[in-house]
Student: 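The structure follows.
In this text the structure is predicted, and so the values were computed from the model without any measurement. First the proteins, then the strands, lettered A, B, ... as listed; each starts at 1.
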Protein chains: 2
Amino acid sequence: MPFTYAHARPALSTDCVVFGLDAEDLKILLIKRALEPFKGRWGLPGGLARVGESLEDTARRELAEETGLRQVFLEQLYTFSSPDRNPQEHVITAAYYALVNLSEHPVRASTDARGVAWFGLTEVPRLAFDHAKILELACERLRGKIRYQPIGFELLPRKFPVRELQRLYEKILGRALDKRNFRKKILNMGILQELAQTETDVAHRAARLYRFSKEKYDRMKKQGFNFEV
Amino acid sequence: MPFTYAHARPALSTDCVVFGLDAEDLKILLIKRALEPFKGRWGLPGGLARVGESLEDTARRELAEETGLRQVFLEQLYTFSSPDRNPQEHVITAAYYALVNLSEHPVRASTDARGVAWFGLTEVPRLAFDHAKILELACERLRGKIRYQPIGFELLPRKFPVRELQRLYEKILGRALDKRNFRKKILNMGILQELAQTETDVAHRAARLYRFSKEKYDRMKKQGFNFEV
DNA sequence: GGTTCTTAGTGTAGATTAGACACTAAGTAA
DNA sequence: TTACTTAGTGTCTAATCTACACTAAGAACC
């Protein structure tokens with residue numbers, strides 16, 4: 001069923017950089033391309049926009065189809081439109097980034113296991129299209145964002161020790177942070193709620209667990225702050 | 001000459017929020033729509049993307065065609081894709097914002113004078129499509145940006161007194177700033193170069209003129225800082 | 001020529017925040 | 001019981017932020 005227009009239209013797609021934090025590292029989710037161009041190369045999950053669907057919906061739909069991920073935190077990153085970014089035709093892509101916490105959002109088993117995989121940020125293979133550029137911008141955005149907005153709610157499990165939040169910050173910023181100063185700052189910010197529980201199953205003194213106070217977190221997100229640590 | 005595709009494609013356009021600072025106010029540039037939909041209503045300059053053209057090029061081309069503005073500072077804002085943002089069909093628009101200094105970029109006279117006009121931010125009329133939403137996001141972005149990047153180079157004449165820069169900051173932030181603290185902070189930042197000249201044609205003590213040091217300015221832009229004033 | 005008016009240009013003190021830094025406490029494992 | 005690992009805590013110094021008011025310079029007016 002062909003569609004005809006008076007003027008030529010570039011194709012429009014979405015691509016998504018999915019960040020997830022696991023026990024080792026901050027990782028991103030890639031899929032192995034089954035089709036040309038760049039067949040067999042790893043790339044960002046994504047696909048063509050449909051008429052009547054917002055780009056965010058496109059991104060969510062493709063993410064669900066290709067990786068099984070649903071109801072993740074999703075934010076628009078940038079729209080890449082260079083005419084030669086796709087060798088076949090002019091495809092403009094709205095890039096999104098997603099933050100997921102791996103413990104609560106397992107990548108679906110039904111997907112061919114060889115087709116979807118997490119990669120540490122330092123071990124990303126050569127990517128299809130301009131996806132390396134998109135990934136780089138996403139990392140930059142994340143680093144920039146962390147400086148004036150709280151991050152973590154979307155990447156950490158519901159209950160976590162302060163240590164884990166610090167580890168996340170260190171992974172994103174790429175440098176070590178002082179434990180005392182970090183605790184001081186993050187606890188004074190008031191976005192964390194102390195729980196009565198402590199960790200279990202650790203081979204050392206168990207740390208107190210916290211959770212994000214959603215209201216404070218969202219308020220901080222709106223108004224912004226300055227977090228240098 | 002019709003174009004046919006296997007799948008339906010949403011139309012793709014750009015829209016541009018053009019900010020300019022004049023003697024009174026921070027203003028934005030609007031055009032009066034000559035065609036349906038929203039014929040006669042004011043809206044943002046913009047138009048349809050062409051195959052083989054990046055969206056930034058589209059935005060620049062449309063801006064030149066509709067307002068005569070060329071070689072302005074242009075940055076991508078956000079891509080709006082709600083299916084109902086255009087009543088006729090699904091048109092996705094990549095919004096950009098531009099910063100221009102009115103003294104060096106006059107809006108072209110050749111344009112029908114009634115068709116293009118500057119509006120103060122408080123006197124913007126009802127806009128076509130979702131352009132009010134786009135404008136609001138652009139203002140927010142500008143306010144956000146000013147807090148961690150230098151702004152002014154693009155909006156002020158080459159040589160200007162500190163007062164003018166402060167006025168710009170006050171217009172963007174929407175509140176008064178302390179003169180001494182502002183001078184201290186902005187001068188210590190090192191992005192301003194003191195000139196030997198002073199203002200002329202003012203009915204009071206003439207202020208020293210400054211210009212931006214391009215290198216420092218760009219460096220600051222990259223690394224970011226924190227400007228609370 | 002003096003008076004008035006307007007904006008330029010300057011400094012400080014107190015409060016707050018950032019940054020560097022090291023030890024004891026608690027729990028597990030052997 | 002000892003060794004090991006991580007939790008959890010406070011202080012001092014330097015830097016930065018904030019609030020705040022007067023004199024200097026030049027133009028306009030009389």
Student: Atom NZ of B:Lys185 to atom P of C:dG9: distance rounded to whole Å?
Tutor: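 Checked: the NZ to P distance equals 21 Å.
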Student: Give me each pair satisfying ring-ring contact (aromatic ring centres under 6.0 Å, His included) with a member in residues 126-147 of chain A, each pair once, sequence neighbours excluded.
Tutor: A:Phe38-A:Phe129, A:Phe129-A:His131
Student: Are any protein N/O atoms closer than 3.5 Å to N/O atoms in nucleotides 9-15 of chain D? If there are, list each pair with its distance.
Tutor:
{"from": "D:dT11", "atom 1": "O4", "to": "A:Lys184", "atom 2": "NZ", "distance (Å)": "3.1"}

Student: Tell me the interatomic distance from B:Arg163, atom CZ, to C:dT6, atom P, rounded to whole angstroms.
Tutor: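 Rounded to the whole Å, the gap is 15 Å.
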Student: Is there a donor-acceptor contact under 3.5 Å from the side chain of A:Arg70 to the main chain of A:His105?
Tutor: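 Between the backbone of A:His105 and the side chain of A:Arg70 there is no qualifying donor-acceptor contact (under 3.5 Å).
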Student: Which residues satisfy the ring-ring contact (aromatic ring centres under 6.0 Å, His included) test with B:Phe225, sequence neighbours excluded?
Tutor: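 Not a single residue meets the ring-ring contact (aromatic ring centres under 6.0 Å, His included) criterion with B:Phe225.
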Student: With hydrogens left out and only the distance checked, is there a donor-acceptor pair under 3.5 Å joining A:Arg205's side chain and the base of C:dA26?
Tutor: no
Student: Nearest whole angstrom, please: distance from the C1' of C:dA20 to the CZ of A:Phe182.
Tutor: 17 Å
Student: Name each donor-acceptor pair under 3.5 Å that joins a side chain in residues 201-210 of chain B to protein atoms two or more places apart or in another chain, with its distance.
Tutor:
{"from": "B:Arg208", "atom 1": "NE", "to": "B:Leu195", "atom 2": "O", "distance (Å)": "3.4"}
{"from": "B:Arg208", "atom 1": "NH1", "to": "B:Glu194", "atom 2": "OE2", "distance (Å)": "2.4"}

Student: Measure the distance from CG on B:Asn226 to P on D:dC17 and round it to the nearest whole Å.
Tutor: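 My rounded result for the distance is 8 Å.
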Student: Which residues pass the side chain to side chain contact (heavy atoms under 4.5 Å, CB included) test with A:Glu136, not counting sequence neighbours?
Tutor: A:Glu140
Student: For A:Lys159, give me all partners under salt bridge (Lys or Arg N to Asp or Glu O under 4.0 Å), at least two apart in sequence or on another chain.
Tutor: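 Checked A:Lys159 against salt bridge (Lys or Arg N to Asp or Glu O under 4.0 Å); zero matches.
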Student: Under a 4.0 Å heavy-atom cut-off, which of residues 190-204 of chain A touch DNA chain C?
Tutor: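 Per residue number, the list reads A:Val202, A:Ala203, A:His204.
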Student: List in chain and number order the residues that pass ring-ring contact (aromatic ring centres under 6.0 Å, His included) with B:Tyr97, two or more places apart in sequence or in another chain; answer none if no residue qualifies.
Tutor: none
Student: Going by ring-ring contact (aromatic ring centres under 6.0 Å, His included), name the residues that satisfy it together with A:Tyr217, two or more places apart in sequence or in a different chain.
Tutor: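 Checked A:Tyr217 against ring-ring contact (aromatic ring centres under 6.0 Å, His included); matches are A:Phe153, A:Phe212.
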